[in-house]
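This report refers to the structure that appears directly beneath it.
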Amino acid sequence: MPTADELLSAHTVRDLACRLAPAAGLRSAPALLACASALDELTFSGRVAAVRDAALIDLPADWAAFEAALRAALAAPGFDGWMTFPVNEAVAVRGLASGPAAFEPALALLRDLTPRLTAESAVRPFLRADRDRALALMGSWVEDPDPHVRRLVSEGTRPRLPWAPQLPESIADPRPALPLLDALYRDDSDYVRRSVANHLNDISRDHPGLAVETAGRWLAAPAATTGRVARHGLRTLVKAGRADAMTVLGHAPDAPVTVRGPVVATARVAVGDYLVFDYALTNDADTPAELVLDYVVHHRKANGSRTPKVFKLATRTLAPGETLTGTRRHSFKPITTRRYFPGEHLVQLQVNGRLHGEAAFVLDAG
């Protein structure tokens, strides 16, 4: 993960000042230059806010003059990359503060800025202010020739976009954005399709039935890439073992399989080492079986109870009578997102959402 200084350094901010000043007809951009010298103790989000506020000071307060300055900057080479990220945020602030007449022009400016990096975060205040109005304009971008703009339609409207403000109205009811996803799930660009899948996965967290229904509708009118989009979009539901998600993807929860394992080869595991277990699956049917194989580690908590965490193993099509065998090494190296507690843990296999087998092992403090 790049550091805040690697993304938005003092040099980058000074470069931004040198580009915005002539674009706005100014001799210099003093607020941006001062900001460049005061970044050291700031996080990335703090830097974005500081540079945004400085740009708002240096650039014209009048919307028409503000927009003209940024369009002049866009016309010159070198105005791209991370320097544009806080500028996009400034567009959102100035556009929404400039009254209703600036709403569509500000979004259109973000559309033109997004190919320089991304305006996915900056469009969200417009969606929070007037979702219907913002969606109506963004809907006209689904056929834009630039894949960055088409991705902005899907990514910017995600209910739970990471590292950006959530959209509570879309979390409560994601259906108004579905026509946009319907127009993009067969997009020529994998960059766009992956965003569509991530948007569907966001929906699945709060409206699993709607996500499954949407994936089923896409799979009924697919492109060659639609299966991958649907699988990625329903990944959280698949890991949770939700039967309707399995079924719509062609993985029958009641598939006739014989499951052997998990057979633990490491009865005791030290923190920093690996759990090793073997497994085998046999397709007992007289037709091919589409199988999603996961495993579940039940981590011991401080109070002695256990909490499950699902991990991917494999997705395979087994011919009648075919057996799949394998060995898994699961790392218990320390990570910042999980604290390990010593004591007895459990591991299980999960096939098409159904749990099979159970094996205990002891995690030592190391």
Side-chain angles (χ1 to χ4, degrees), residues 88 92 103-104 106-128 130-238 245 248-250:
N88 294 341
F103 192 93
E104 281 82 5
L107 275 173
L109 180 55
L110 290 174
R111 174 201 62 205
D112 295 340
L113 280 160
T114 204
R116 304 303 174 96
L117 182 66
T118 178
E120 64 195 43
S121 175
V123 298
R124 296 172 79 77
F126 294 88
L127 289 157
R128 292 176 69 115
D130 191 334
R131 180 171 65 159
D132 291 343
R133 190 176 179 185
L135 290 178
L137 180 59
M138 295 176 75
S140 68
W141 303 346
V142 297
E143 295 183 356
D144 193 280
D146 193 322
H148 295 88
V149 175
R150 301 196 303 275
R151 177 184 178 272
L152 178 63
V153 175
S154 171
E155 195 74 1
T157 58
R158 283 178 58 180
R160 296 180 178 274
L161 179 65
W163 310 111
Q166 294 184 353
L167 299 177
E169 193 175 5
S170 295
I171 290 173
D173 182 8
R175 290 172 296 178
L178 284 181
L180 307 183
L181 303 187
D182 289 343
L184 294 171
Y185 77 89
R186 293 180 291 190
D187 196 272
D188 292 338
S189 168
D190 180 64
Y191 183 53
V192 176
R193 295 193 305 271
R194 188 170 183 85
S195 174
V196 170
N198 286 333
H199 191 140
L200 186 65
N201 189 58
D202 278 6
I203 293 172
S204 77
R205 298 180 184 277
D206 304 289
H207 304 272
L210 178 62
V212 172
E213 175 189 321
T214 301
R217 184 158 43 77
W218 294 349
L219 289 166
T225 55
T226 303
R228 183 177 179 182
V229 172
R231 287 192 299 273
H232 195 62
L234 298 182
R235 64 189 183 274
T236 296
L237 300 183
V238 168
V248 80
L249 294 174

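Count residues from 1 along the sequence.
Going from atom CG of N88 over to atom CG of L113 covers 5.0 Å, rounded to the nearest 0.5 Å. With rounding to the nearest 0.5 Å, the separation of CG in L152 from CG in D144 is 9.5 Å. S154 contributes atom OG, which lies 5.0 Å from atom CG of L181 (distance to the nearest 0.5 angstrom). Taken to the nearest 0.5 Å, the CG atom of D132 stands 13.0 Å off from the CG atom of L137. Distance CG/L184 to CD/E155: 11.5 Å, rounded to 0.5 Å. To the nearest 0.5 angstrom, N198 atom CG is 13.0 Å from R193 atom CZ.
For D188, there are no side chain to side chain contact (heavy atoms under 4.5 Å, CB included) partners two or more places apart in sequence or in a different chain. Taking T118 as the reference, F85, T114, E120, R151 meet the side chain to side chain contact (heavy atoms under 4.5 Å, CB included) condition, with sequence neighbours excluded. Remark: W218 pairs with Y185 by the ring pair (Phe, Tyr, Trp, His ring centres under 6.0 Å) rule, at least two apart or across chains.
When all heavy atoms are compared, the tightest approach of A245 to L237 is CB-CB, 3.7 Å. What you find for S204 and T236 is that their closest heavy atoms are OG-CB, 4.2 Å. Scanning both residues, A177 and L135, for their nearest heavy atoms gives N-CD1, 4.2 Å. When all heavy atoms of S189 and D187 are compared, the pair lying nearest together is N-OD1, 2.8 Å. Contact detail for A92 and A122: the closest heavy-atom pair is CB-O, 3.5 Å. Summarising the geometry of P145 relative to R150, their closest heavy-atom pair is O-NH1, 3.3 Å, with the distance given to 0.1 Å.
A 4.5 Å side-chain heavy-atom check between V192 and S195 finds every atom pair outside the cut-off. At a threshold of 4.5 Å between non-hydrogen side-chain atoms, the residues H199 and I203 count as touching. Residues V123 and T157 fail the side-chain proximity criterion, which asks for heavy atoms closer than 4.5 Å. Two residues are said to be in side-chain contact when any heavy atoms from C-beta on lie closer than 4.5 Å; R124 and L167 meet this criterion. Between V149 and P115, some side-chain heavy-atom pair lies under the 4.5 Å cut-off. For the pair P159 and Q166, the minimum side-chain heavy-atom distance is 4.5 Å or more. No side-chain heavy atom of S170 sits under 4.5 Å from any side-chain heavy atom of L127. L178 has its side chain within reach of L210: a pair of non-hydrogen atoms, C-beta onward, lies under 4.5 Å apart.
Applying the ring-ring contact (aromatic ring centres under 6.0 Å, His included) test to every pair with at least one member in residues 109-128, sequence neighbours left out, gives these pairs: F103-F126. Among residue pairs with one or both ends in residues 131-158, those qualifying as ring-ring contact (aromatic ring centres under 6.0 Å, His included) are H148-Y191; sequence neighbours excluded. The side-chain hydrogen bond (donor to acceptor under 3.5 Å, both in side chains) analysis of residues 207-217, with sequence neighbours excluded, yields the pairs D182-R217.
Remark: the backbone N or O of H232 is paired with a side-chain donor or acceptor of R235 at under 3.5 angstrom. Proximity of a side-chain donor or acceptor of R160 to a complementary backbone N or O of I171 within less than 3.5 Å is not detected. A donor-acceptor distance shorter than 3.5 angstrom exists from the side chain of R186 to the backbone of A221, with no hydrogens or angles considered.
Using a cut-off of 4.0 Å between Lys/Arg side-chain N and Asp/Glu carboxylate O, D202 and R158 are scored as salt-bridged.
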